[in-house]
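This report concerns only the one structure given below.
Because the structure is a prediction, the values reported are computed rather than measured.
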Amino acid sequence: MTLEIPAGAPGVGVSSADLPGRLVRLRVRFCGECLQPCLQVPSPLCPLCRLPFDPKKVDKATHVEKQLSSYKAPCRGCNKKVTLAKMRIHISSCLKVQEQMANCPKFVPVVPTSQPIPSNIPNRSTFACPYCGARNLDQQELVKHCVESHRSDPNRVVCPICSAMPWGDPSYKSANFLQHLLHRHKFSYDTFVDYSIDEEAAFQAALALSLSEN
């Protein structure tokens, strides 16, 4: 997808080689799936430069589509040459790729350990859709599924991501779940959160890190 940043927007001052000194509009390309969350808010901002853009001026990057439809590459499983535009669909149904995935070595500890494997750890990797019950969705898949399938659903629902967290309230229902997803769950908690410490300890650790950086 291609979006257009107006020439008069703050911070945009790109000179055209053909017309020196004249401001030209910026046209930025993004994956349609990545751009979709930005189009769900009243005043969308470019994911790259954070400048406003008109969602009516977002169009398909047809030349990129043509390139993806003309270039071919071998499948990593069966070696069949497939256009890049259809590679993802092919891989998802390729028996050779599925065999390779099934035969991947399972994880084993580098050093034998006597520590018992905990069995009561909650699942914080995949979630069920609170609207229709679709299961085994990771965080990005849940956001995409809800945007595509439940955009206009007015029901108040419990956020499955928040409720799986140590601080989550499994009885709290979000008044606008889709907006909550797009604003609160743009990143995975696993990247930033230490689940082994409580909220106060996490706060103190963040405060200490902030002081050390200053």
Side-chain angles (χ1 to χ4, degrees), residues 1-5 11 28-61 88-89 91-92 101 107 118-210 213:
M1 306 293 286
T2 302
L3 63 86
E4 189 174 277
I5 305 296
V28 190
R29 288 191 294 271
F30 292 99
C31 162
E33 184 176 319
C34 298
L35 187 61
Q36 193 61 36
C38 300
L39 301 175
Q40 308 306 314
V41 295
S43 301
L45 301 177
C46 170
L48 183 62
C49 64
R50 309 306 296 166
L51 291 174
F53 68 91
D54 186 350
K56 295 180 181 179
K57 294 185 177 179
V58 174
D59 51 25
K60 287 188 176 182
R88 183 177 296 180
I89 296 175
I91 288 178
S92 66
M101 296 295 291
F107 169 78
S119 58
N120 59 343
I121 298 177
N123 178 13
R124 298 190 178 106
S125 300
T126 59
F127 310 94
C129 172
Y131 292 113
C132 66
R135 304 182 65 82
N136 298 322
L137 303 171
D138 64 22
Q139 185 166 306
Q140 291 182 339
E141 290 171 341
L142 178 63
V143 174
K144 179 185 177 184
H145 168 78
C146 290
V147 167
E148 293 180 350
S149 304
H150 306 291
R151 184 181 303 175
S152 56
D153 195 318
N155 291 323
R156 296 167 61 96
V157 294
V158 175
C159 174
I161 302 174
C162 289
S163 62
M165 301 301 149
W167 59 85
D169 181 357
S171 63
Y172 178 77
K173 294 185 177 181
S174 176
N176 190 332
F177 178 61
L178 187 59
Q179 198 76 355
H180 168 82
L181 273 182
L182 295 173
H183 283 83
R184 294 295 299 275
H185 298 300
K186 291 183 178 179
F187 66 91
S188 174
Y189 281 123
D190 289 339
T191 309
F192 299 96
V193 177
D194 183 353
Y195 297 118
S196 64
I197 60 178
D198 59 22
E199 188 174 359
E200 178 61 25
F203 172 75
Q204 294 298 333
L207 184 61
L209 180 61
S210 177
E213 290 178 348

Point-to-point distance, once rounded to the nearest 0.5 Å, from CZ of F127 to CG of D138: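 These two atoms lie 8.5 Å from each other.
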Distance from S125 atom OG to N136 atom CG, nearest 0.5 Å?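 Rounded to the nearest 0.5 Å, the OG-CG separation comes out at 11.0 Å.
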Flag the pair [X] / [Y] as yes when at least one side-chain heavy-atom distance between them is below 4.5 Å, and no otherwise.
X	Y	value
T126	R135	no
C162	R184	no
H180	H185	yes
L178	C146	yes

Closest contact, heavy atoms only, [X] versus [Y]:
X	Y	result
H150	C129	NE2-SG, 3.5 Å
S92	I89	OG-O, 2.6 Å
L142	P160	CD2-CG, 3.8 Å
V158	S163	CG1-CB, 4.0 Å
A128	G133	CB-O, 4.3 Å

If you apply the rule side-chain contact (heavy atoms from CB on, under 4.5 Å), what do you find for V147 with L182, and how did you get there? CA-CA 9 Å; V147 167; L182 295 173; 4.3 Å; yes
Using only atom types and a distance under 3.5 Å, with no angle test, would you say the side chain of Q139 pairs donor to acceptor with the backbone of I161? no
Could you give me the CA-CA distance, side-chain angles and deciding distance for K173 and V157, then say whether side-chain contact (heavy atoms from CB on, under 4.5 Å) is met? CA-CA 5 Å; K173 294 185 177 181; V157 294; 5.9 Å; no
Begin with the C-alpha distance, continue with both residues' side-chain angles, and end with the deciding distance and a verdict on side-chain contact (heavy atoms from CB on, under 4.5 Å) for H183 and Q179. CA-CA 6 Å; H183 283 83; Q179 198 76 355; 3.1 Å; yes
I would like to know whether S149 and Y131 meet side-chain contact (heavy atoms from CB on, under 4.5 Å); could you show each step before the answer? CA-CA 9 Å; S149 304; Y131 292 113; over 6 Å; no
